[in-house]
Colleague: 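Quick one: this structure, given as structure tokens, is what I'll be asking you about.
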Amino acid sequence: MRTALAPNPAISPATDPAMTTTEPAAASQMPGRATAPAYVSIEGVGKSYGSRHGAVHALAGIDLEVREGEFLSILGPSGCGKSTLLKCIGGLERVTKGSLAVRGQPLSGPPAKAGMVFQRDVLLDWRTILDNVLITAEFLGQSREALKPRALQLLQRFGLSGFENRHPWELSGGMRQRASICRALLCDPELLLMDEPFGALDAMTRDDLNLELARIWQDTRKTVVFVTHGIAEAIFLSDRVVMMDRNPGRIVEVMEIDLPRPRTLAMRETPEFGRYVAHIRHLFAGLGILKEG
Amino acid sequence: MRTALAPNPAISPATDPAMTTTEPAAASQMPGRATAPAYVSIEGVGKSYGSRHGAVHALAGIDLEVREGEFLSILGPSGCGKSTLLKCIGGLERVTKGSLAVRGQPLSGPPAKAGMVFQRDVLLDWRTILDNVLITAEFLGQSREALKPRALQLLQRFGLSGFENRHPWELSGGMRQRASICRALLCDPELLLMDEPFGALDAMTRDDLNLELARIWQDTRKTVVFVTHGIAEAIFLSDRVVMMDRNPGRIVEVMEIDLPRPRTLAMRETPEFGRYVAHIRHLFAGLGILKEG
Amino acid sequence: TAQEKLTVRLDFSPWGVHAGMHLAKEKGWFKEAGLDVEVQDGRGSGNTLQLVNAGQADVGQIQLGLLPQARANGAQLKGFAGFGRRTDLAVLVDKDSPIQKVSDFAGKTLVVFAASPWAPYIDHWLKQGGLDRTKTTITFVDPAALWGTYTAKRADGLMSTEPSAVPVAAATRPSKAILAEDAGIAYPSYGLVATEKTIAAKKEALSKLVEIQQKAWAYMRDGKIEEGVDAIVKQRPDAKLDRKALAEQIRLTIAFFDTPATKGKPIGWQAESDWEVALKGLEAAGAVKPGWKVSDYYTNDLVK
Amino acid sequence: MRSTLHEIASVLGVIAAAMVLWEIGVWILKPPPIILPAPSVIFAEFLQAPSYFLRQTAYTIYTTLAGFGLAAVLGLVLAIGIVHSRLLEKTVYTLLVALNSVPKVALAPLFVIWMGTGIEPKIAIALMLALFSVVIDAVLGLRSVDPDMLNLARISRASQFAILRKIRLPNALPSIFAGLKVAISFALVGAIVGEFVAGSEGLGFAILTAQGQFDTPRVFVCLLLLGLLGTVLFYLVEGAERISLPWHVSQRGHASGH
Amino acid sequence: MRSTLHEIASVLGVIAAAMVLWEIGVWILKPPPIILPAPSVIFAEFLQAPSYFLRQTAYTIYTTLAGFGLAAVLGLVLAIGIVHSRLLEKTVYTLLVALNSVPKVALAPLFVIWMGTGIEPKIAIALMLALFSVVIDAVLGLRSVDPDMLNLARISRASQFAILRKIRLPNALPSIFAGLKVAISFALVGAIVGEFVAGSEGLGFAILTAQGQFDTPRVFVCLLLLGLLGTVLFYLVEGAERISLPWHVSQRGHASGH
Ligand SMILES: Nc1ncnc2c1ncn2[C@@H]1O[C@H](COP(=O)(O)OP(=O)(O)OP(=O)(O)O)[C@@H](O)[C@H]1O
Ligand SMILES: Nc1ncnc2c1ncn2[C@@H]1O[C@H](COP(=O)(O)OP(=O)(O)OP(=O)(O)O)[C@@H](O)[C@H]1O
Ligand SMILES: [Mg+2]
Ligand SMILES: [Mg+2]
């Protein structure tokens, strides 16, 4: 079941007609990616958190397919349930409604070969940075020694050379976050779940890592679900962008990004790119999330 | 002593001549703000963290004045010492070299009437969100009851209505960060230190809060030192932008932002704004921090 | 030939009543008789009684007067030799105190430890002087604190036994003893106990043990108290014992050996009539129920 | 509320099950009652003089709670002092460690000699036994503060007292409660040790008297009452913990299961 | 290294200062030596038979360490079981609480009756006294895990065992060490209690013997040796903590002062 909500009628007339949103018809025009088998299928998923002060409906009626080898971004206002959705896909939170399947298997607990970057860098204070990265190997029962060169290489690629033997509290916020990305990448997961991995990074480093991530994805064709709050970042990296709104957390539109690959930072200055940005801004403005100053 | 390093010679020829960087001559052309008395004076400040693996020079040779009532942003790559500098200004870290003064008084411990938003939202798990915000009042010995309406109003302005009585772990990352901003604002500090306060926020909410912050600043003329990783955000909000580089952490340029106030989001689309962005990007590119893809 | 092993557990840490065992060891009399005797210090007669009953020691040297109550609660022990056949229970008071008899304790404070042989008799004894616990304060204190409390003069009297206590008190609070027998209390004192099973199974060895003890006590009674003192000090080199007190303890122990009913009988031999009186006293004090048989508590089979 | 009742029921269930196992064990192995009586015998013994046992229990509860209360207050005060003052850390802490290593059973006689045979030495012993774990755990808790939380307070120029009250103490509560849970158990033990050494009331005294009379069933009535009393007191502290710490992960995990 | 020596020197300094105060107090107040002897008297007493005292100390150390080691291992195993199994929490935890409320001084005679007068009952008593604080503190530590750390492990489908070894245990270490610090003290107390009840070696036995002779100075030699021994053992555990936990805030704060 390939799904997207119809664009919100209130804003849909403003949508640039060149934009491909995944209404079934539109999607079928792009056989290459669109027909890739579903890696994650989400049907009618809802998630409520109970508490003394009544329930919070973090997610309601989520229908979505993450296709194999696809780079999917999730955009949405703070508190709309992005992290919750990612945790549900990772089998870390139980859904209270609907069903989730990974490769056709109903989900009960975390799927195999998944990796996750958490919104808070969850570094272990008692381990050095290198050991924090290597813990993934330990958890997966792979050889620490064999993966050490890869870990060092990742740390270097993410600008952390020289900090391998330091402890997390000796690093800046952005450095901690980068270390946690290295950790998720170490064992080459098939399904990569990333919750605002570049949130604590400056624009410069961020661009850099966007390129790095795009390259890694290009080389390995992992299935990536990427939560971000950067519109440009989402467009730059993704095959599709999911837009969400809150109260309750729900999907308002799924948009295909039809830019050639490999992508360059310069593409961000192109009119197509600008149209995508404008579309998303317009959509959120229509939802009252974005105010024009 | 009003100071800025001369622009890095390697990149300075490329600088748009229309841009006002604070070379003494340029600064004196703008008597209004430039002659405001110094609120914070930083002279030759250095800060090293020792450890078993040798010292890290987080800051070296920092000379800077933060003028009274000014909105100053600090931009720089991850790990360049932005947080460290902010903590030094806040009297929370001892400098290992040079001297710091606030209103002419050498700094020994946190200055009076300062407020700070930390890079990690430091919410107290045992307090509700409202009580987390009110803790500032308690610390300053002001009446909780008297400040409760203000706290509720701040929470509402930052989109946290309905979550007053929840505990921090029931909030999303962005919501937590917003709560910690409310906390810093509660008692109307004269000197506001903000360490990437909008880091965990989506582009939409962020724009919103940029406007909110600009309005608050406009109304109260606090002295604000604002660490950010958003170039546009820095330009949009600031009177001056400080650009830093790392290894060791140092200032490479201080740039006056000469856009009219009050500012609107639309200004971000203007060519002047674009030139500021381009200048900064170019500067960092010249430092090898920013790669062009 | 292989020596027969026997474990003898004493009542407390070293004092004069242990002289018989230590002298025999020092002189090598056990070895001569083919016995390998291990002598352990104890933590009170009651504790030793429990351990012997549980099979953790073969023989206990304890106050035999505890047996009736122990048996009433299921212990299977018998006394097979009784040395201190006369009642030695006493209340210590200052040497120059005017106190002479029970009634003189009105308004006084007495300390005693809870597991003391005194315990069942306290009310009975007070009654002999027309007193009760409202008129005389009885405070229970751990053996370890008992002496300190008494010597610090937090109490007027200490309920104990004359042979053990009076010599020790001499150094810190010179005292005299008001004897319980003056108030009509009869209570068999130190002797040897074992389970009925052990008595049956190790009859030979136990007989030899009794014989050697008779020899040791007779030896000391006949003017060799100092050798008894030497033996204890040699056997317990680390205990820093006070020789003078030990000698006096031995002397007093021997002074309490005989009742009229045992005059001329061998050391260790117990008289049925003494036990009858003791049990009647215990019954009157409510410590044993009627229906007792004296033959349950002792045997003279091993005494030659 | 319902889950609390449930909790109590399950604790009682476990204790009851242990009793049944014990009873069966005694039937099969038939140890002499002077060594190990059956629960049924113990229970019968209790029913012979319930008011006597309950009176002794009440006295022991009083001593225990007095010692525990003092230990909690004094322990917290000491821990706060130790965390704030290098000098106190060096002196009080060291002396406390040394003092705690001296068994109270050995000190008790001195206590009696110094303080007499009233309730004071018993409370003092309960206090001393309970104090140590309160101090150690509170010190750990008070020290384990996220440095940024302290920065948060310092930027508002909060007084040391405010930092203590609003940051360090609430942050230390889980640890403090762990200390208190150990302390309540040891306060009870201390009260009994005190009653052993001197006095004429309380379960400790009742045990001693019964031991003196070789009345093992009666000893066991007291031991079981002690076990029961200790369990009740412990779960009262744990209840107080749950009410005070709904925010802590150890409690959150607890409530929802794993 | 230098700071460790410094630490040791300052601990010894405090103890020495306490002794001097005590000596002066005795000079002024002149209590009878049977109640409180002066340190000089106690020291002279020690010098009369140092080898005797050291022999008894060695025996007590052996018992203490055996009991402590067993308590540490068993306590950790129980805590792990309690944290992972609802059933064990209900049963073991409850019984442990009940058992810990029964004073070992009261149980000790039973232990001796069951296990004899050798070293076993002493180790058992040391174990039982030390066990409780290990379990309580380890349970707190093992439960106080950031939920996201567990998520980190779960996303890699780490086994329960790996989660325990790589997350829960290292995270619990500060708490476990607090428990061990209380435990080492109580293990020593337990060893002495055991020696009180039965046996013919160790400092507890030496105290009893000396008490039997009303030799208060000798009692105090033993008490002081116990205090010293307890202090040394405690600081050994604290040293192990410092070596194992350089990463923990409580230690970081400690190292740099406040
Ligand atoms: N407590 C500490 N101990 C040791 N080194 C530290 C400590 N805090 C920061 N550093 C080091 O100081 C340098 C600057 O850190 P800082 O946190 O100031 O960077 P930043 O500019 O805020 O980076 P980011 O944008 O990633 O937050 C880094 O190299 C970091 O490793
Ligand atoms: N553990 C929890 N208990 C109760 N409510 C929760 C919990 N976690 C999240 N929520 C609620 O669920 C909603 C969605 O939270 P979520 O973290 O998924 O948002 P998000 O989209 O990731 O936001 P952000 O961009 O700020 O990180 C929020 O309203 C939040 O208050
Ligand atoms: Mg989130
Ligand atoms: Mg920072």
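First the proteins, then the strands, lettered A, B, ... as listed; each starts at 1.
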Colleague: Looking only at non-hydrogen atoms, find the nearest pair between A158(D) and F139(B) and report the distance.
Modeller: CB-CD2, 3.3 Å
Colleague: Any chance you could measure N151(D), atom CG, to F118(B), atom CZ, to the nearest 0.5 Å?
Modeller: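 So the CG of N151(D) and the CZ of F118(B) are separated by 5.0 Å.
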Colleague: Step by step, would you call K166(D) with R127(B) a side chain to side chain contact (heavy atoms under 4.5 Å, CB included)?
Modeller: CA-CA 10 Å; K166(D) 317 242 175 220; R127(B) 286 176 167 244; 3.6 Å; yes
Colleague: I need the L150(D) CG to L92(B) CG distance, nearest 0.5 Å.
Modeller: 10.0 Å
Colleague: Under 6.0 Å from the NZ atom of K97(B), do we count more than 12 heavy atoms belonging to anything else shown?
Modeller: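 Count not over threshold, so no.
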Colleague: Which of the residues L123(B), L140(B), V122(B), I135(B) is involved in the greatest number of heavy-atom pairs with chain D at under 4.5 angstrom?
Modeller: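 Going by pairs under 4.5 Å, I would pick V122(B).
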Colleague: Does any part of the side chain of W126(B), heavy atoms only, come nearer than 4.5 Å to the side chain of L173(D), both counted from C-beta?
Modeller: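 In short, these two side chains do not touch, never coming nearer than 4.5 Å.
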Colleague: Answer yes or no: is there a donor N or O on one side and an acceptor on the other, between the side chain of R157(D) and the main chain of P110(B), under 3.5 Å?
Modeller: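 Side chain of R157(D) to backbone of P110(B), a donor-acceptor pair under 3.5 Å: yes, one is there.
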Colleague: Nearest 0.5 Å please: distance from the CZ atom of R120(B) over to the CG atom of D146(D).
Modeller: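 It is 4.5 Å, given to the nearest 0.5 Å.
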Colleague: Considering residues, nucleotides and ligands other than Y62(D), do more than 12 of their heavy atoms fall under 6.0 Å from its OH?
Modeller: no
Colleague: Contact part of A184(B) toward chain D, heavy-atom cut-off under 4.5 Å: side chain, backbone, both or neither?
Modeller: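 A184(B) has no heavy atom closer than 4.5 Å to chain D.
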Colleague: Calculate, to the nearest 0.5 Å, the distance between atoms CD and OG belonging to E138(B) and S156(D) respectively.
Modeller: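 E138(B) CD to S156(D) OG: 10.5 Å, rounded to 0.5 Å.
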Colleague: Is P111(B) close to chain D through its backbone or its side chain, or both, or neither, when contacts mean heavy atoms under 4.5 Å?
Modeller: backbone
Colleague: Check this for me: R165(D), atom CZ, are more than 12 non-hydrogen atoms of other residues, nucleotides or ligands nearer than 6.0 Å?
Modeller: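 It does not: R165(D) CZ has 12 such atoms or fewer within range.
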Colleague: State plainly whether the residues D148(D) and K87(B) are in salt-bridge range, i.e. N to O under 4.0 Å.
Modeller: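 Salt bridge: yes.
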